[in-house]
Amino acid sequence: MFDSKVFELAITAGSTLVAAFVGSWAAFKLENIRRVKDVREKNVSNANSALYTLYRMWNTLRQYQREVIEECRGKPDNWLNMTATLSGIYDNVSVNKDDISFLLATDDPQAFAEVMLENQRHSLALKLINRRSDLIFDEVFPRMSNAQIPVGAQVPIGDVERILGVSIVHQLKEHTRDIIKFVDADVASLENSFHKLRAAALALYPGEKFIKVDFKEVPKKEIASASTK
């Protein structure tokens with residue numbers, strides 16, 4: 001005999017189970033959407049942070065290139081007269097590899113490797129600059145002073161080499177040559193890496209805003225004023 005009460009209870013129980021399943025599924029989907037959104041926002045923010053850091057690295061070396069290297073480029077005595085700078089005057093910033101690890105999931109994972117190489121190149125360039133400057137302050141100035149030669153005095157280069165000694169002269173020439181080579185190369189590669197990182201980020205997150213810099217001229221203001229398109 002058909003029991004309508006049992007049937008009604010079964011329908012009610014089934015409906016409850018379906019409703020519970022639908023509710024759980026909807027909650028799962030919403031949570032998943034929220035997590036995807038959070039990851040996207042984090043990666044976009046990290047990409048912009050990395051772009052900003054690359055810009056700072058480029059701007060530092062471009063400024064040094066323009067104000068120091070170009071003043072003595074090609075001159076035979078640049079190993080001695082290229083301006084020395086105080087150690088630590090330039091920030092040795094770097095891009096955190098964890099911040100841009102998402103690039104490994106893009107169509108151009110090479111962008112990740114190139115940005116990591118920029119960290120090493122920039123650090124090496126600053127170390128060379130600081131090492132040469134320390135040599136000038138710690139060895140060249142004291143030796144010239146002991147020889148009673150004032151700063152800016154016109155002295156035959158042969159006499160300067162004799163006063164400083166073979167080792168100091170060799171180090172100065174080597175450091176000066178390497179600084180010019182590395183800074184010139186880094187200025188170009190940093191610009192290229194900036195564009196590659198930005199392109200990779202845009203490919204992964206189209207429609208998002210990423211820092212854009214005009215490298216044709218050295219910006220005079222902080223990157224905060226740069227356009228984001």
Any donor-acceptor N/O pair, [X] side chain to [Y] backbone, under 3.5 Å:
X      : Y      : answer
Ser193 : Leu190 : no
Asn59  : Tyr55  : no
Asn48  : Lys209 : yes

Rounded to the nearest 0.5 Å, how far apart are [atom1] of [X] and [atom2] of [Y]?
X      : Y      : atom1 : atom2 : answer
Ile180 : His175 : CD1   : NE2   : 13.5 Å
Gln120 : Ser94  : CD    : OG    : 10.5 Å
Glu191 : Leu54  : CD    : CG    : 11.5 Å
Ser49  : Ile211 : OG    : CD1   : 8.0 Å
Asn92  : Ile129 : CG    : CD1   : 10.5 Å
Trp79  : Arg177 : CH2   : CZ    : 13.5 Å

Heavy-atom closest contact ([X] atom, [Y] atom, distance):
X      : Y      : value
Leu197 : Ala47  : CD2-O, 4.3 Å
Asn78  : Cys72  : CB-O, 3.4 Å
Ala50  : Ile100 : CB-CG2, 3.6 Å
Leu204 : Phe102 : CD2-CD1, 3.5 Å
Ala125 : Asp186 : CB-OD2, 3.6 Å

I want to check something: taking the side chain as every heavy atom from C-beta on, are [X] and [Y] in contact at a cut-off of under 4.5 Å?
X      : Y      : result
Ile136 : Met82  : no
Tyr64  : Val183 : yes
Val95  : Met116 : yes
Leu172 : Leu164 : yes
Arg73  : Asp184 : yes
Leu135 : Arg131 : no
Ile168 : Arg143 : yes
Lys181 : Asp178 : yes

Is there a continuous path of hydrophobic side-chain contacts, each under 4.5 Å between heavy atoms, that joins Leu51 to Leu117? no
Let me check something: do Val160 and Val166 share a hydrophobic cluster, defined by ILVMFWY side-chain heavy atoms less than 4.5 Å apart, either directly or through other members? no
I'd like to know whether CD of Gln148 has more than 12 heavy-atom contacts from other residues, nucleotides or ligands below 6.0 angstrom. no
Taking atom types as modelled, is there a side-chain donor on Ser45 or Glu41 under 3.5 Å from an acceptor on the other? no
How far apart are the C-alpha atoms of Glu208 and Arg40, what are their side-chain angles, what is the distance that settles it, and do they pass the side-chain contact (heavy atoms from CB on, under 4.5 Å) test? CA-CA 10 Å; Glu208 294 290 351; Arg40 183 186 183 99; 2.7 Å; yes
CA sep, side-chain torsions, deciding dist, call: Thr83, Glu71, side-chain contact (heavy atoms from CB on, under 4.5 Å): CA-CA 9 Å; Thr83 302; Glu71 292 297 318; over 6 Å; no
Can Arg56 be said to sit on top of Tyr52's aromatic six-ring, NZ or CZ under 6.0 Å from centre and within 45° of the ring axis? yes
Apply the test side-chain contact (heavy atoms from CB on, under 4.5 Å) to residues Met57 and Asn119: give CA-CA distance (whole Å), side-chain angles for both, the deciding distance (0.1 Å), then the verdict. CA-CA 9 Å; Met57 293 160 70; Asn119 283 343; 4.0 Å; yes
Between Trp58 and Phe194, does the ring centroid distance fall short of 6.0 Å? no
List the steps, then state whether side-chain contact (heavy atoms from CB on, under 4.5 Å) holds for Phe182 with Leu124. CA-CA 8 Å; Phe182 278 105; Leu124 176 58; 3.5 Å; yes
Partner of Asp99 under side chain to side chain contact (heavy atoms under 4.5 Å, CB included), chosen from Asn46, Thr53, Asn43: Asn46
Give every residue pair that meets the ring pair (Phe, Tyr, Trp, His ring centres under 6.0 Å) criterion with at least one member in residues 122-166, sequence neighbours excluded. Phe137-Phe141
